[in-house]
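Since the structure comes first, as structure tokens, the remarks are kept for the end.
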There are 4 protein chains.
Amino acid sequence: MTDKQARIIEAAVQMFAEKGYAATSTSEIAKRAGVAEGTIFRHYRTKKELLMAIAAPAVVKLLAPFLLREFRDVLQAEYASFEQFLRAVVANRISFLDRNISLFRIVVQELPFHPDLQRQFRDIVLSQVLERIGGLFDRFKAMGQLPDWPNGAIVRLCVSAVMGYAVARMLNRSSPSWDDERERETTIAFVLKGLTPSS
Amino acid sequence: MTDKQARIIEAAVQMFAEKGYAATSTSEIAKRAGVAEGTIFRHYRTKKELLMAIAAPAVVKLLAPFLLREFRDVLQAEYASFEQFLRAVVANRISFLDRNISLFRIVVQELPFHPDLQRQFRDIVLSQVLERIGGLFDRFKAMGQLPDWPNGAIVRLCVSAVMGYAVARMLNRSSPSWDDERERETTIAFVLKGLTPSS
Amino acid sequence: MTDKQARIIEAAVQMFAEKGYAATSTSEIAKRAGVAEGTIFRHYRTKKELLMAIAAPAVVKLLAPFLLREFRDVLQAEYASFEQFLRAVVANRISFLDRNISLFRIVVQELPFHPDLQRQFRDIVLSQVLERIGGLFDRFKAMGQLPDWPNGAIVRLCVSAVMGYAVARMLNRSSPSWDDERERETTIAFVLKGLTPSS
Amino acid sequence: MTDKQARIIEAAVQMFAEKGYAATSTSEIAKRAGVAEGTIFRHYRTKKELLMAIAAPAVVKLLAPFLLREFRDVLQAEYASFEQFLRAVVANRISFLDRNISLFRIVVQELPFHPDLQRQFRDIVLSQVLERIGGLFDRFKAMGQLPDWPNGAIVRLCVSAVMGYAVARMLNRSSPSWDDERERETTIAFVLKGLTPSS
DNA sequence: AATGAATGAGACTTCATTCAT
DNA sequence: CATGAATGAAGTCTCATTCAT
């Protein structure tokens, strides 16, 4: 990937996150990237292709830790308790979001409008994640650390709590009243208690 | 509001929800509404004004039950337990979303891009909601039905769980494997357990 | 002429003078006149017709004193000297302009773009004026008060000097350095001296 | 300046002069220039900017001879008499108008509607012209070739006479009864006589 | 590989005019 | 007579994309 190409991607990521894909013009991207308009189309045949060059890998990166080959074998053994697992994953994903908030925004904003992105997200990725995480959760269930709910539901409840935390964090970033440490602990405590099997 | 005006709003709501505000052209809206394009601009001076005529009231409607004057006085007394309250609110908002999913999508999609909408959402509405709900939650805390967490955090945890349920429901609407009754009960059980004060 | 009609004309005169005919919209006129848009078209079938209802009489009014039936017979006798005549006409036309500057601006602005106005101005009016004024000037020439130049040229020289004075006056209306009395006297002195027959 | 850009300017000059700025559409200009409409807006962001790209330099060109650095020093010495000076300037400006009548028309037509043009005309240019010409006229006054009138008034009287001649010339261009040589001489004779100091 | 002038389809918007009320 | 909602043609301007250099 040439230097200009990198600058184009970087500029596009910023602008798409800022104004949305549809409201961003290729000429703005070119200007911010410091390249000629034509140069964009030398590397990406269409504006959509540029979006996909950003969004498709972003989907993968967002779910990266769950896709590692070692996830099933190695990590599974590593985490003795669900709490350990949850803390590890939350820490890892939050730190990722801090560094890649633009990618996250782009994926979330554009997912509803691009069936191909949805397909990727759903079929390819989500199935892998659920399958792998399913094994892990089954083990935690057997250990009496998770209730006997469908794995999909448990994942959803975890994800929504963490996403809620992430969004609130983003919105309150500059507010002095946001005690990040406490909010994160509250969220984790909530999830753990909510997922405690009833005796 | 004339007949044509209603048709314009209806068409715009559908298209904005479907393709997003920026990707929807006024000529498409006119065509779907069965009016001349000029007619749109007789009623709404700009496309943005048309969006606001839809989104601003939608923000209010989405939060309507929390804004009722009676909310504080009447409902507060009515709900003996937090569970009753949670069930009532969830049922009410989910049924609202079923009937107004387009409005919901528009607000969620456009909120990040329109500071005026954000302001409305934040300052005017959010403050009212939090203030009122705060009083209610304080009472539940005194009754030992909620943990001693900040009201903002409790609201966030409830909202994220319910929104996660709503989104999953929307995505899986046509899937036969989605057992709505069970998912909703699971979600409520999760929230209730997660918010049980530690003895 | 109904009340509304008068208000329409008045509003149109103001706006045409202010922004120009082409740049003024009928809806603006309607708004300023305090009538509905449709009302304008009940009285004037087209926007152009509204312009003509203003401009055509304005052309006549601008040249009014030269069109009076009495001009040839009565006035001719009245003015013993060219200076008397010049002073009378200048005073009369300047006071008219003060009261009807908008009409004047409209005629001047639109004359180049409307052949029908030009035709009116040229054929109908200009010929009458020149013919009548020609007789007067011939008499002054015979009296040795005007040089033996073509009447058209003399009229042109008088008109351009007076118009130059009128325009400068308009532009400097608010300037304190504009000594109107002196400027007018200078202009008249200039014309009179310029038109003194060479011994 | 690319070839297309030149064609755009040329077409715009013709059409603005012919129909007026407000009544000329950018699509007409594009058609006459033989370019796509979008091309106009690549070079001039708005229609107004296109007008200014024409009118602003035109204002300068119209007053060019009075702005030359050499005007004060060189020409002042060169012209022994006011008559020489007047004849030179008239010949120069008339020949300029013959070649640039469209520019002249545009400036005159649009000046009343564009405060920025007026400002340029007034502040920047007029002050320079008056200042320079003032020095020249003071010298002619000292030589007893001009009356003791304010320089502004003298300039106005000269300009209005010449402009009146130019306009009449333009209107009668095709008329066989227009004897240009005689009209010009009459005009100059009128100005010279009108500006003769009273003994 | 890179440029940026050129394109033309289509975006939003304005406007003179009509017509049912 | 008066209204003002409705129209659709036309206006200005934007944009993704192409192509000669």
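Chain naming here is simple, since letters A, B, ... match the order of the sequence lines and numbering starts at 1 in each.
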Sequence neighbours left out, cut at 3.5 Å: what donor-acceptor pairs do the side chains of residues 104-112 of chain D make with other protein atoms?
residue, atom, partner, partner atom, Å
D:R105, NH2, D:A17, O, 3.4
D:E110, OE1, D:H114, NE2, 3.1
D:E110, OE2, D:Y21, N, 3.3

Proximity to the side chain of C:K4 - top-ranked nucleotide from F:dT7, F:dT3, F:dT12: F:dT3
Could you identify which residues of residues 38-51 of chain B place a heavy atom less than 4.0 Å from some atom of DNA chain F, listed by residue number, or say none? B:G38, B:T39, B:R42, B:H43
Only counting residues at least two apart or in another chain, list the ones meeting salt bridge (charged side-chain N to carboxylate O under 4.0 Å, His left out) with B:E10. none
Output all residues satisfying salt bridge (charged side-chain N to carboxylate O under 4.0 Å, His left out) with B:E37, sequence neighbours left out; order by chain, then residue number. none
Which distance, rounded to the nearest 0.5 Å, do you find between the NZ of B:K47 and the OG1 of B:T24? 6.5 Å
Symbol by symbol from the 5' end, with Watson-Crick or G-U pairs under 3.5 Å, [ ] crossing and | another strand, DNA chain F is .||||||||||||||||||||
Evaluate B:V60 against B:Q120 for side chain to side chain contact (heavy atoms under 4.5 Å, CB included), listing each step before the verdict. CA-CA 9 Å; B:V60 175; B:Q120 194 196 4; 4.0 Å; yes
Under 3.5 Å, is there a donor on one side chain and an acceptor on the other for A:Q5 and A:T2? no
Does B:T46 have any side chain to side chain donor-acceptor pair (under 3.5 Å) partners at least two apart in sequence or in another chain, and if so, which? none
Select from C:E37 and A:T2 the residue whose nearest nucleotide in DNA chain E is closer to the 5' end of that strand. A:T2
Not counting sequence neighbours, which residues clear salt bridge (charged side-chain N to carboxylate O under 4.0 Å, His left out) with C:K48? List them please. C:D116
Listing request: all ring-ring contact (aromatic ring centres under 6.0 Å, His included) pairs with a residue in residues 25-45 of chain D, at least two apart in sequence or in separate chains. none
Sequence neighbours excluded, the answer for salt bridge (charged side-chain N to carboxylate O under 4.0 Å, His left out) partners of B:R7 is B:D3
D:K61: what forms a side chain to side chain donor-acceptor pair (under 3.5 Å) with it, not counting sequence neighbours? none
Take a 6.0 Å sphere around CE of A:M52 and say whether it holds more than 12 heavy atoms from other residues, nucleotides or ligands. yes
Does anyone know the first and last nucleotide of DNA chain E in reach of chain C, 5' to 3', at under 4.0 angstrom to a heavy atom? E:dC15 to E:dT18
Strand-adjacent residues in residues 5-31 of chain C, judged by heavy atoms under 4.0 Å from DNA chain F: none
Compare all side-chain heavy atoms of D:K4 with those of D:I40 and state whether any distance is below 4.5 angstrom. no
